[in-house]
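In this text, all values refer to a predicted model and were calculated from it rather than measured experimentally. Positions are given from 1 along the sequence.
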Amino acid sequence: MPIKSLRVVFDIQHPSDVNVFKPVVVELKEMGHIPSLICLARGRVPQIARMEMPKVAQTIIGVHCSGRIGLYIRTGLWRELRLLAYMAFGKVDVAVGQPGFQTALAGKMLGFRGIGIYDDPEHGINHKLSMKWCDPYLLPECLSVQGESIRSFKGLKEWGYLSPKRFTPSIEYVRNQGLSPFSYFFLREIAPRSLNYLNETHYPIKQLYDQGLCKHPAVISLEDPTRRSLFPKWKVLKEPVEDIHSIMFFSKACISSGDSMVREGAQLGVKSIYMGKRLMQANKPIIEMGLLRHVPSPQIALEYVLGLERDDTSVREGVRDMLQDLWDDPVDLLLDAIVNEE
């Protein structure tokens, strides 16, 4: 048991936050600390967090709004006030978020530490506020960002939960879902309502479907489940999915209009295609490695994926072994920031 049990609050605002922070939460509990979750009401984020971490206390604060006014006022300012009210009455030693500025600001005002991890400096306001208030603020080295509170690491934040150290793909799970390994495509369609994608007015995954990919076996994850009827020939995943990364690992390719899941696919060694319009520095290292392609054009993307040759588990595990040798472990870095800097 540690000399002092730290009360560590994790701010969960996006499904990727659950993945990034879950192994940190698990290890903190094993060390005798007391983690808890604050979740934003955003789609199925609270349900995903509860499924993945059922024994961790969870409180829902704030709602994710569409449109700039709603995001700045309700999701931003009003949620900040509610966070302050909630955290003022509960003992907190450390708060951790992605990017982390909301809980870090509360920490500045209430006297606890705020830690952030992020990979999207193009999202200017989130990044600048997190640089100002988080200490430390963990960023991938490829972003080339410097600052007093910055702690750079080799690799990408998803590697903490996708490395061979923490993830073993299950072919049995995939077969139990009625899927034949390496014979189907995995697709993810995001809804253009977050600040990152407000300017994305097209739906490239639907265009890809209409231009001919509908003729090929595929599973699709929809951020907006009301659009499921638009993909009648594909298997639409009912979320939260118990082991979505195994489904991705054994797919023929991963294709998405958002950036998060194709970065995951690339780090699993799967050929991955990003169809969004945003240019992201975090994608650069895996593009340079040939693991990710940025192809906004549905026609070009269709030609590429239909021309892919079948690979196998050994190819993908080879990619993961290579990354294991090259990259840092973000989970270890977060644990060090939480526990050893107290």
Side-chain angles (χ1 to χ4, degrees), residues 13-17 19 42-45 48 64 66-68 71 98 119-120 122-123 126 156-158 184-241 244-245 247-249 251-268 270-284 286-287 291-306 308:
Q13 300 189 28
H14 187 278
S16 69
D17 297 353
N19 294 323
R42 177 181 185 176
R44 299 188 64 82
V45 167
I48 294 170
H64 185 264
S66 59
R68 293 185 186 277
L71 285 168
Q98 181 182 215
D119 61 3
D120 193 1
E122 294 88 354
H123 197 320
N126 283 359
L156 299 171
K157 61 182 174 59
E158 298 89 358
Y184 61 91
F185 295 107
F186 176 91
L187 297 101
R188 167 71 170 173
E189 184 189 73
I190 58 95
R193 57 192 177 207
S194 69
L195 276 178
N196 283 350
Y197 295 103
L198 283 178
N199 295 324
E200 302 257 354
T201 56
H202 71 317
Y203 285 87
I205 301 301
K206 181 61 170 70
Q207 294 176 41
L208 198 62
Y209 179 91
D210 292 339
Q211 291 187 22
L213 200 60
C214 61
K215 300 175 183 177
H216 300 268
V219 295
I220 184 167
S221 166
L222 296 172
E223 186 174 19
D224 182 357
T226 65
R227 289 176 55 82
R228 64 183 299 121
S229 63
L230 300 177
F231 304 94
K233 295 184 179 180
W234 287 351
K235 179 182 177 69
V236 179
L237 294 173
K238 184 178 180 181
E239 302 188 45
V241 179
I244 198 166
H245 293 115
I247 294 176
M248 295 169 67
F249 182 87
S251 68
K252 191 172 183 179
C254 292
I255 310 161
S256 178
S257 54
D259 57 278
S260 296
M261 294 193 87
V262 282
R263 270 200 307 277
E264 290 180 333
Q267 291 170 72
L268 289 171
V270 183
K271 295 295 184 183
S272 298
I273 300 93
Y274 169 49
M275 297 189 67
K277 292 181 179 179
R278 297 182 69 225
L279 300 176
M280 296 187 61
Q281 288 178 266
N283 293 342
K284 185 177 179 180
I286 47 180
I287 288 175
L291 303 176
L292 176 67
R293 287 185 176 233
H294 185 193
V295 187
S297 165
Q299 185 58 46
I300 295 175
L302 182 66
E303 293 173 1
Y304 172 69
V305 298
L306 293 184
L308 288 174

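For the pair A282 and L156, the tightest heavy-atom approach, listed with the atom from each and the gap, is O-CD2, 3.4 Å. Nearest heavy atoms, A266 versus L292: CB-CB, 4.3 Å. The two residues L208 and P298 make their nearest non-hydrogen contact at CD1-O, 3.2 Å. Here the closest non-hydrogen pair linking L230 and Y209 is O-CE2, 3.6 Å.
The backbone N or O of G276 lies less than 3.5 Å from a partner atom in the side chain of H294, making a donor-acceptor pair. Under the 3.5 Å distance criterion, the side-chain polar atoms of D210 are left unmatched by any main-chain donor or acceptor of Q207. Here the side chain of S297 pairs no donor or acceptor atom with the backbone of V295 at under 3.5 angstrom.
Here the side chains of V262 and M275 are not in contact, with every heavy-atom distance at 4.5 Å or above. Counting heavy atoms from C-beta on, the side chains of E223 and R42 come closer than 4.5 Å. Side-chain contact between D224 and E189 is absent, with no heavy atoms from C-beta onward closer than 4.5 Å. Looking at heavy atoms from C-beta onward, K252 lies out of side-chain contact with V305 at the 4.5 angstrom threshold. In this structure, R227 and Y203 have side chains that are in contact, with non-hydrogen atoms separated by less than 4.5 Å. Using a 4.5 Å cut-off on side-chain heavy atoms (C-beta onward), M248 and V270 make no contact. For the pair Y304 and I273, the minimum side-chain heavy-atom distance is below 4.5 Å.
In this structure, the separation between CG on L187 and CG on L222 is 9.5 Å, given to the nearest 0.5 Å. The OG atom of S260 lies 9.5 Å from the OH atom of Y274; values are rounded to the nearest 0.5 Å.
Within 6.0 Å of NZ in K284 there are 12 or fewer heavy atoms belonging to other residues, nucleotides or ligands. Surrounding NZ of K271 are at most 12 heavy atoms belonging to other residues, nucleotides or ligands under 6.0 Å away.
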For the pair H64 and Q13, evaluate side-chain contact (heavy atoms from CB on, under 4.5 Å) and give the outcome as yes or no after the intermediate values.
CA-CA 8 Å; H64 185 264; Q13 300 189 28; over 6 Å; no
Go through it in stages, so that I can follow the logic: the residues are L291 and Q267, the test is side-chain contact (heavy atoms from CB on, under 4.5 Å), and I'd like the CA-CA distance, side-chain angles, deciding distance and then a yes or no.
CA-CA 8 Å; L291 303 176; Q267 291 170 72; over 6 Å; no
Passes side-chain contact (heavy atoms from CB on, under 4.5 Å), I247 versus L237? Steps please.
CA-CA 10 Å; I247 294 176; L237 294 173; 4.1 Å; yes
Would you please test R263 and I286 for side-chain contact (heavy atoms from CB on, under 4.5 Å) and show each step?
CA-CA 8 Å; R263 270 200 307 277; I286 47 180; 3.5 Å; yes
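Counting only N and O atoms by type, the side chains of H245 and E264 include a donor and acceptor under 3.5 Å apart.
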Atom pairs and distances, donor-acceptor, side-chain atoms in residues 211-221, under 3.5 Å, two or more places apart:
| residue | atom | partner | partner atom | Å |
| --- | --- | --- | --- | --- |
| S221 | OG | R188 | NH1 | 2.8 |
| S221 | OG | E239 | OE2 | 2.5 |

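The side-chain contact (heavy atoms from CB on, under 4.5 Å) test with F186 singles out one residue from S272, S251, S256, and that residue is S251.
A salt bridge links D120 to R278: at least one charged side-chain nitrogen sits closer than 4.0 Å to a carboxylate oxygen.
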